[in-house]
Amino acid sequence: MMNINHTDQPIISSVRRVHGRATLILSSGETLVMPRAMLRERPYKSGMPLDRMAFDHFITERSYPFALEKAIAQLAARARTEKEIVDCLRKNAYPETTIARVMARLHEAGYINDADFAAQWTAARASRGLGSRRIRTELRQKGVDQAKIDQALIAIDDDQILDGALKAAQKAARGKDISSPTDRQKIIAALARRGYDFSIAKRALQILMDSD
């Protein structure tokens, strides 16, 4: 008697694990992605039949605790912006609805605050000899909105900015002759690359020349 497959379930041809996501290649030619961490609970393997409805239900219903665990691990390593956490979860193939739940929980618990992040990042980067333009660019790349960036930069006073520029100028001047116009231009250019305005760079260079 001929065996008939009433379910017509596709077979998993292979499972590829790349960083935080797993890609399931099906015999039907379809490709599915899922968070790699969720394989701990449901270890899909090649040769297994796959019930698509059961798969979708599993990802929808069980992804939240895995996504929350991933987000908290990211925050434990260092402070991060909302965009950084969202991008991480998306990269790990978590559904958008799950990501929204996780972000709501993190905001509720006070774990995500882009304004605080911007303030801390600005102070730290300024102390390491980076100017306002460079800091602004970095914060934009991390998804901090313009108002919060402006607020963070305003909190850094002129003396802090000049002190950072002077440290950067001292570093750039190593091995150079600051009495040489060419070398002075190189120092100014180095400060510009670090995000300092020309007026600040010029003041820092003048202080350096006066002290020399």
Side-chain angles (χ1 to χ4, degrees), residues 12 14-25 30-44 50 52-156 160-161 164 193-195:
I12 300 174
S14 64
V15 179
R16 299 174 185 172
R17 300 167 177 81
V18 179
H19 301 298
R21 64 168 56 200
T23 302
L24 280 57
I25 312 298
E30 187 178 7
T31 299
L32 303 176
V33 293
M34 64 178 289
R36 182 173 178 174
M38 295 185 71
L39 288 174
R40 299 198 305 261
E41 185 168 312
R42 189 162 296 183
Y44 291 107
L50 185 133
R52 181 58 190 271
M53 290 184 63
F55 174 85
D56 290 343
H57 181 77
F58 169 60
I59 299 300
T60 301
E61 296 299 318
R62 290 291 303 139
S63 59
Y64 174 73
F66 289 94
L68 184 61
E69 179 183 357
K70 180 67 176 179
I72 291 176
Q74 289 285 296
L75 290 167
R78 67 166 176 82
R80 297 178 193 271
T81 64
E82 180 171 349
K83 180 180 183 297
E84 287 180 304
I85 295 297
V86 169
D87 287 349
C88 174
L89 296 180
R90 283 175 178 161
K91 185 177 180 180
N92 284 264
Y94 286 100
E96 291 297 321
T97 53
T98 298
I99 294 174
R101 285 184 63 193
V102 169
M103 298 313 297
R105 179 69 184 105
L106 294 178
H107 278 292
E108 180 185 357
Y111 293 153
I112 292 285
N113 188 316
D114 280 4
D116 286 348
F117 177 92
Q120 294 172 19
W121 184 270
T122 298
R125 300 299 273 171
S127 68
R128 293 183 61 181
L130 294 180
S132 298
R133 285 189 290 106
R134 175 79 171 269
I135 294 170
R136 186 181 297 276
T137 298
E138 291 177 344
L139 289 173
R140 282 174 179 165
Q141 291 172 344
K142 292 180 178 298
V144 180
D145 67 49
Q146 192 63 51
K148 293 182 177 67
I149 294 174
D150 291 342
Q151 183 179 12
L153 288 171
I154 289 173
I156 303 298
Q160 287 176 282
I161 294 174
R193 288 193 296 272
R194 296 184 71 83

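One-based numbering along the sequence shown.
For the pair Arg101/Thr97, no side-chain contact is recorded, criterion being any heavy-atom separation below 4.5 Å from C-beta on. Residues Arg42 and Met34 have side chains not in contact (no heavy-atom distance under 4.5 Å, counting atoms from C-beta outward). The shortest distance between side-chain heavy atoms of Arg105 and Val102 does not fall below 4.5 Å. Leu106 has its side chain out of reach of Glu82: every pair of non-hydrogen atoms, C-beta onward, lies at least 4.5 Å apart. Residues Ile154 and Ile156 have side chains not in contact (no heavy-atom distance under 4.5 Å, counting atoms from C-beta outward). For the pair Leu153 and Ile135, the minimum side-chain heavy-atom distance is below 4.5 Å. In this structure, the side chains of Leu50 and Leu32 come closer than 4.5 Å at one or more pairs of heavy atoms. For the pair Leu24 and Thr31, the minimum side-chain heavy-atom distance is 4.5 Å or more.
With rounding to the nearest 0.5 Å, the separation of OG1 in Thr122 from CD in Glu138 is 9.0 Å. Separating the CD1 atom in Ile161 from the CG atom in Leu130 is a distance of 12.0 Å, to the nearest 0.5 Å. The distance from the CG atom of Leu68 to the NZ atom of Lys70 is 13.0 Å, given to the nearest 0.5 Å. Here the CE-OG distance, from Met38 to Ser63, works out to 5.5 Å after rounding to the nearest 0.5 Å. Taking OG of Ser132 as the start and CG of Leu139 as the end, the distance is 10.5 Å to the nearest 0.5 Å. From Glu96, atom CD reaches atom CD1 of Ile99 across 4.5 Å, with rounding to the nearest 0.5 Å.
Smallest separation of non-hydrogen atoms from Ala67 and Thr98: CB-CG2, 3.7 Å. The two residues Ser127 and Ala124 make their nearest non-hydrogen contact at OG-O, 2.6 Å.
Note on residues 99-156: pairs passing ring-ring contact (aromatic ring centres under 6.0 Å, His included), not counting sequence neighbours, are Phe117-Trp121. Applying the ring-ring contact (aromatic ring centres under 6.0 Å, His included) test to residues at least two apart or on different chains, none of the pairs has a partner in residues 64-100.
More than 12 heavy atoms of other residues, nucleotides or ligands lie within 6.0 Å of CD in Glu30, so this atom counts as buried by the packing criterion.
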- Message: Assess the residue pair Arg140 and Asp145 against the criterion (salt bridge (charged side-chain N to carboxylate O under 4.0 Å, His left out)); give the C-alpha distance rounded to whole Å, side-chain angles, the decisive distance to 0.1 Å, and a yes or no.
- Response: CA-CA 7 Å; Arg140 282 174 179 165; Asp145 67 49; over 6 Å; no
- Should Arg136 and Gln146 be marked as a side chain to side chain contact (heavy atoms under 4.5 Å, CB included) after you check the CA-CA gap, both sets of side-chain angles, and the distance that decides it? CA-CA 9 Å; Arg136 186 181 297 276; Gln146 192 63 51; 2.5 Å; yes
- Task: Could you check Arg17 against Thr23 for side chain to side chain contact (heavy atoms under 4.5 Å, CB included), going step by step and ending with a plain yes or no?
- Result: CA-CA 6 Å; Arg17 300 167 177 81; Thr23 302; over 6 Å; no
- Task: For side chain to side chain contact (heavy atoms under 4.5 Å, CB included), just list the numbers for Ile85 and Leu75, CA-CA rounded to whole Å, side-chain angles, deciding distance to a tenth of an Å, and then say yes or no.
- Result: CA-CA 8 Å; Ile85 295 297; Leu75 290 167; 4.0 Å; yes
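Classification of Lys142 and Asp114 as a salt-bridged pair fails, no side-chain N sitting under 4.0 Å from a carboxylate O. Glu69 and Arg40 are joined by a salt bridge, as a carboxylate oxygen and a charged side-chain nitrogen come within less than 4.0 angstrom of each other. Between Lys91 and Asp87 no salt bridge is recorded (no basic side-chain N to carboxylate O distance below 4.0 Å).
Asp116 is linked by a side-chain contact (heavy atoms from CB on, under 4.5 Å) to Asn113, Gln120, counting only residues two or more places apart in sequence or in another chain.
A donor-acceptor pair under 3.5 Å links the side-chain atoms of Glu84 to the main chain of Thr81, judged by distance alone. Side-chain atoms of Arg80 come within 3.5 Å of backbone atoms of Gln74 as a donor-acceptor pair (strictly under, hydrogens ignored). Side-chain atoms of Arg36 come within 3.5 Å of backbone N or O of His19 as a donor-acceptor pair. Although no hydrogens or angles enter the test, the distance criterion places no donor-acceptor pair under 3.5 Å between the side chain of Thr60 and the main chain of His57. Using a distance-only test at 3.5 Å, with no hydrogens or angles considered, a donor-acceptor pair links the side chain of Arg194 to the main chain of Gly129.
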